There are 2 protein chains.
Amino acid sequence: MKKDTTTEEKIREAARQVFRSKGFYGCTSREIANAAGENVALVNYYFRSKSQLFKIIFEAAMDDFVLSMVEVFGSKKSLVEKMRIFIDLEYAFLAKHPELPSFILNEMNREDGCNIDHQKYFLKVAETGLFEECFKAQEEGYMRSISLNSIPLLIMSNCHYPVMAKTMLMQLHGMTSKEYDDNLNIHKKLVSDMLINFLFPQSN
Amino acid sequence: MKKDTTTEEKIREAARQVFRSKGFYGCTSREIANAAGENVALVNYYFRSKSQLFKIIFEAAMDDFVLSMVEVFGSKKSLVEKMRIFIDLEYAFLAKHPELPSFILNEMNREDGCNIDHQKYFLKVAETGLFEECFKAQEEGYMRSISLNSIPLLIMSNCHYPVMAKTMLMQLHGMTSKEYDDNLNIHKKLVSDMLINFLFPQSN
DNA sequence: CATTTTTTTAAACAAGCGTTTAAAATCCTT
DNA sequence: AAGGATTTTAAACGCTTGTTTAAAAAAATG
């Protein structure tokens, strides 16, 4: 009789949760095994080592990370529309996965890094034709002529930082979690307006 | 004969460097002692425990973190001028201390948190009169009427995230560290223009 | 049902952790 | 220079870490 979730899957799912919220150094193999309700030795039985298991979790996280970007910018809409849709989707996605940006940034900064093929993820985004589209829009004077490096950076700054800084700003402003999230929804609209007005100056 | 740097100072300075770049869990007492060129036991002799030493380092980091904000916004200039000066200073400051934003955000997110008086730092900023000044400017129609929570969030997002994401974006774009930093200087101007145009709509 | 293969277990491993100890070295005061 | 306080040291403490082992349990195979 096949179980609906195998031991391997239980461990992977527990690792996903624990690694994402605590990072590689912030948790132990035993903690992951307990979260999965299984014996410690099984972590190594199925995944050979903590590092190997982490690598799997991290790569899956990177897939999640670029998925919405690829989906939105690969679609057939105007650039302005795509921008607004992307910001909306990104805020919605991060509401469900608020630990993701910190997780990825931190683990990439780790000394004994995560040893994955980073370029592959950049290519995924590049393949949507986003950069060519921006370049063309800039030549036509439709989009502000700024470095193509700055465009994703502006968007990511204003989408990711607000969720990364939640704990700090909650405490600084003395807000509850819900109050902060409500403010985030208001903030999203500001970000959307600000970025589009800046990137597409004649659009209003 | 007094040494120019005491053992205690050497350990504190080593701890500052190591904690900031690796975080509380990312380093060991022995690593700090080695960086200071001293015996492990001295860490506990002078600071009682790793946690206690960390607390000192973290609070000093928070002081650094809010210092430029307090200095700039406590000065007697127009709000627009202050904004532009602050962004300039913040980029310059973070060029020297690029690990600071990640450090503070991460350690605040830690489960067994850093147990410091966060409110004190908010008060420091509030005491500059920044929020009253913004409120007044909004009533006069000089500044865009947005939540007073969103203003620091917009500024911090666009100042802090670009240095936090350096490793990731360098690898994604295949840039060298110098190339990224050069781009950051261009980006700073964009951020400055974008934020000021958005916050003070009639200012151009 | 017997045998082989796969999965799970408890226990142990060496290494590293934060911290403590007690003796040695150094400093300061008289 | 002697004596007492302070600083530094090497070694050890108990505990946790990632990982391995070897036996037990379960599942699959014929």
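These values consider heavy atoms only, across backbone and side chains, with no hydrogens, waters or symmetry-generated copies. Bear in mind the structure is a predicted one, so any value in this text is a computation, not a measurement. Just so it is clear: chains get the letters A, B, ... in the order the sequence lines come, proteins before strands, and each one is counted from 1.
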Whole-Å distance, B/Tyr46 OH to D/dT6 P, equals 12 Å
State whether A/Asp64 and A/Arg20 are salt-bridged, where the test is any N-O pair (Lys NZ or Arg NE/NH1/NH2 against Asp/Glu carboxylate O) under 4.0 Å.
yes
Between A/Glu8 (CD) and D/dA27 (P), how many Å, whole number?
17 Å
Nearest whole Å is fine: how far is C/dC17 C1' from B/Ile32 CD1?
13 Å
What is the distance, to the nearest angstrom, from the CG atom on A/Leu42 to the C1' atom on C/dT8?
6 Å
Relative to the 5' end of DNA chain D, which residue comes earlier, A/Arg48 or B/Gly37, by the nucleotide with the nearest heavy atom?
B/Gly37
Which part of the nucleic acid, if any, lies within reach of B/Ser51 when heavy atoms closer than 4.0 Å are counted: base, sugar-phosphate only, or nothing?
nothing
Between A/His97 and A/Phe93, does the ring centre distance come in under 6.0 Å?
yes
Considering only NZ, NE, NH1 and NH2 on the basic side and carboxylate oxygens on the acidic side, decide whether B/Asp193 and B/Lys189 come within less than 4.0 Å.
yes
So what does A/Val40 hit on the nucleic acid, given a heavy-atom distance under 4.0 Å: a base, only sugar-phosphate, or nothing?
base
Among D/dT19, D/dT9, C/dT19, the one nearest any side-chain atom of B/Lys50 is C/dT19
Can you tell me which nucleotide in D/dT7, C/dT6, C/dA10 comes closest to the side chain of A/Asn39?
C/dA10
Which is true for A/Phe47 with a 4.0 Å heavy-atom rule: it touches a base, it touches only sugar-phosphate, or it touches nothing?
nothing
From the list D/dT20, C/dT8, D/dT7, which nucleotide is the closest neighbour of the side chain of A/Tyr45?
C/dT8
How close or far is atom P of C/dC17 from atom CG of B/Asn34, stated in whole angstroms?
10 Å
Double-helix bend of the helix from C/dC1-D/dG30 to C/dC27-D/dG4, axes at both ends from 5 pairs, round to 10°, gives 0°
Side-chain ion pair, B/Arg110 and B/Glu107, N-O less than 4.0 Å:
yes
Charged tip of A/Arg144 within 45° of A/Phe198 ring normal and under 6.0 Å:
yes
Starting at CG of B/Leu53 and ending at P of C/dT19, how long is that distance when rounded to a whole Å?
10 Å
Between C/dT8 (C1') and A/Lys10 (NZ): distance, integer Å
11 Å
Neighbours of DNA chain C within residues 18-29 of chain B, by heavy-atom distance under 4.0 Å
B/Cys27, B/Thr28, B/Ser29
Carefully, step by step, assess A/Glu139 and A/Lys136 under the rule salt bridge (charged side-chain N to carboxylate O under 4.0 Å, His left out).
CA-CA 5 Å; A/Glu139 282 204 320; A/Lys136 192 160 146 263; over 6 Å; no
B/Arg30 has its side chain closest, among D/dT9, C/dT20, D/dA12, to D/dA12
Carboxylate-amine/guanidinium proximity below 4.0 Å for B/Arg16 and B/Glu13:
yes
Flag the pair A/Thr128 / A/Met69 as yes when at least one side-chain heavy-atom distance between them is below 4.5 Å, and no otherwise.
no
With ring centroids as reference points, do B/His160 and B/Phe65 lie under 6.0 angstrom apart?
yes
Point-to-point distance, once rounded to the nearest 0.5 Å, from CG of A/Leu105 to CG of A/Leu100
10.0 Å
Using atom CD of B/Glu38 as one end and atom C1' of D/dA10 as the other, report the distance to the nearest whole Å.
15 Å
